[in-house]
There are 2 protein chains.
Amino acid sequence: MATSSRTGRLTQEQRTAATRARLLEATLDLIAEKGWAETTTQKICERAGVSRGAQTHHFPTKDNLLIAAVTEIVGRYQKDLDTAAADPAGQVRRLEDVFEFLWTACFEGNLLTCWMEVMVAARTDQVLGSMVRVTDAKAIDAMRAMGEMCQVQAAPPGASASDIIELTVYLLRGMVVQSGIDPDQQLRQRLFNVWKSVVTGRLT
Amino acid sequence: MATSSRTGRLTQEQRTAATRARLLEATLDLIAEKGWAETTTQKICERAGVSRGAQTHHFPTKDNLLIAAVTEIVGRYQKDLDTAAADPAGQVRRLEDVFEFLWTACFEGNLLTCWMEVMVAARTDQVLGSMVRVTDAKAIDAMRAMGEMCQVQAAPPGASASDIIELTVYLLRGMVVQSGIDPDQQLRQRLFNVWKSVVTGRLT
DNA sequence: CAATAAACAAACAAGATGGTCTGTATGTTG
DNA sequence: CAACATACAGACCATCTTGTTTGTTTATTG
């Protein structure tokens, strides 16, 4: 319990937190910029301004570091989800608002770009796969729950608002991958508007 | 022009075609099984039963081989597209049939799984990116053209059948990525049916 | 059949990557 | 202040990956 705030020195805890944060931030940046496969420990250390010895001290193996990075991605996205879900506390929500949230969460920043890299890598990576499976299921459940709060009546029997939400999630994920090679975001915005009008026209 | 079919020997042309085909097949298998990043020249040669010398003879660099593999993927998918497009020659097509084709083309075999690996890798790879950009645009155009052959009237102004098709493509691509970590294909089938009923209920 | 070219095999070289190891600096605690 | 634990720095090593090179086999052609 030594803050030592008046001196220029740092607590061990502070130093640990700082270097870990720098490593994770560099890892996320590299995944977004160079892709999952090109994200090596050396490049991470270089970008984070951390020696390789320090990295191996905090994260003994590369898996440790990458798992922590994926946890960080999930945590940030989950945080967005939580705030959005708690926004109109207990009240009824408009489906339109949910669409708007999903769109913004997909294309602001590079979080979803990182997540698509992780999902694709998880397909052929055991440890990553089991991790992504559970966290992704949780995220989709949370988003479906947002749909159930909407007062809409689905026209086709068996189609719920939650289903529409989940479909929208897959659509947006496909669009995020597309945005990696096609810069025409206006086209996607227009198509998403079509999607919204088609879906909302069918629900009441 | 020596066929030499009666002897046990092979023409140079035949040998070339055979080894190239084996290498490409092994490459596609590895991309589907291990992912883009784990697809190394050594593993390709090992799986193809081809020496590394032979590989470097036919494909001097790894890029050459991978580009040829991507071309093979695109070619096979384009072939599916062409046969499907030419099926009801010049006639009007049902939107339902197009949906069915898109679904089948996505989940039969592992072609689309490979394609998603390529698309994600293309985001951070210059040469791959320019290649994927043009071929993907062509494929989407071809699929949009199938939508334009459907005699449907879009209810929301500005929404064409082609737009619905393109939205469906992105939706299915998101689902393909999901299928890499979530084996519940029945869920996706059910959701896709929801999407279809939403659309067909909205179009006439 | 002889000469030439192509297909093929395998060893080698250069660089990158991830993990281990040894040593040093900094903070913590009795 | 002394003993100890943690954070950090950098060298080292085994492995893997890609590309080159050298030599051998097989097919083609005059």
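Chain letters run A, B, ... following the sequence lines, proteins first and then strands; every chain starts at 1. Only heavy atoms go into these numbers, but all of them, side chains included; no hydrogens, no water, no symmetry mates.
- Within residues 37-56 of chain A, the residues approached by DNA chain C to less than 4.0 Å at the level of any non-hydrogen atom are A/T40, A/T41, A/Q42, A/K43, A/R52, A/T56, in residue-number order.
- Within residues 58-71 of chain A, the residues having any heavy atom closer than 4.0 Å to DNA chain C are, in order of number, A/T61, A/K62.
- One finds a side-chain N or O of B/T11 lying less than 4.0 angstrom from the OP1 or OP2 phosphate oxygen of D/dT28.
- For the pair A/H57 NE2 and C/dG23 P, the computed distance is 18 Å after rounding to whole Å.
- Residues passing the side-chain contact (heavy atoms from CB on, under 4.5 Å) test with A/S51, sequence neighbours excluded: A/A54.
- For B/H58, the side-chain contact (heavy atoms from CB on, under 4.5 Å) test picks out B/T16, B/T19, B/R20, with sequence neighbours left out.
- Residues satisfying the side-chain contact (heavy atoms from CB on, under 4.5 Å) criterion with B/Q42, sequence neighbours excluded, are B/T40, B/R52.
- To the nearest 0.5 Å, atoms CE (A/M116) and CG (A/L112) are separated by 7.5 Å.
- In summary, B/D125 and A/K34 do not engage in a salt bridge, as defined by a charged side-chain N under 4.0 Å from a carboxylate O.
- Toward the 5′ end of DNA chain D lies the nearest nucleotide of A/T16, the other residue of the pair B/E13 and A/T16 mapping further downstream.
- Remark: B/R22 pairs with no residue by the salt bridge (Lys or Arg N to Asp or Glu O under 4.0 Å) rule, at least two apart or across chains.
- Residue pairs that meet the ring pair (Phe, Tyr, Trp, His ring centres under 6.0 Å) test with at least one member in residues 16-53 of chain A, sequence neighbours left out, do not exist here.
- Here D/dA7 presents its P atom at 6 Å from CD of A/Q12, a figure rounded to the nearest Å.
- A heavy atom lying under 4.0 Å from DNA chain C marks none of the residues of residues 18-36 of chain A.
- Shown here are the side-chain hydrogen bond (donor to acceptor under 3.5 Å, both in side chains) partners of A/K43, two or more places apart in sequence or in another chain: A/E38.
- The separation between B/R15 atom CZ and C/dA5 atom C1' is 12 Å, rounded to whole Å.
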Could you list the donor-acceptor pairs under 3.5 angstrom formed by side chains in residues 74-82 of chain A, with sequence neighbours left out?
{"residue": "A/R76", "atom": "NE", "partner": "A/E72", "partner atom": "OE2", "Å": "2.9"}
{"residue": "A/R76", "atom": "NH2", "partner": "A/E25", "partner atom": "OE1", "Å": "2.9"}
{"residue": "A/R76", "atom": "NH2", "partner": "A/E72", "partner atom": "OE2", "Å": "3.3"}

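- Judged as a side-chain hydrogen bond (donor to acceptor under 3.5 Å, both in side chains), and not counting sequence neighbours, the contacts of A/R188 are A/Q185.
- For A/F107, the ring pair (Phe, Tyr, Trp, His ring centres under 6.0 Å) partners at least two apart in sequence or on another chain are A/W103.
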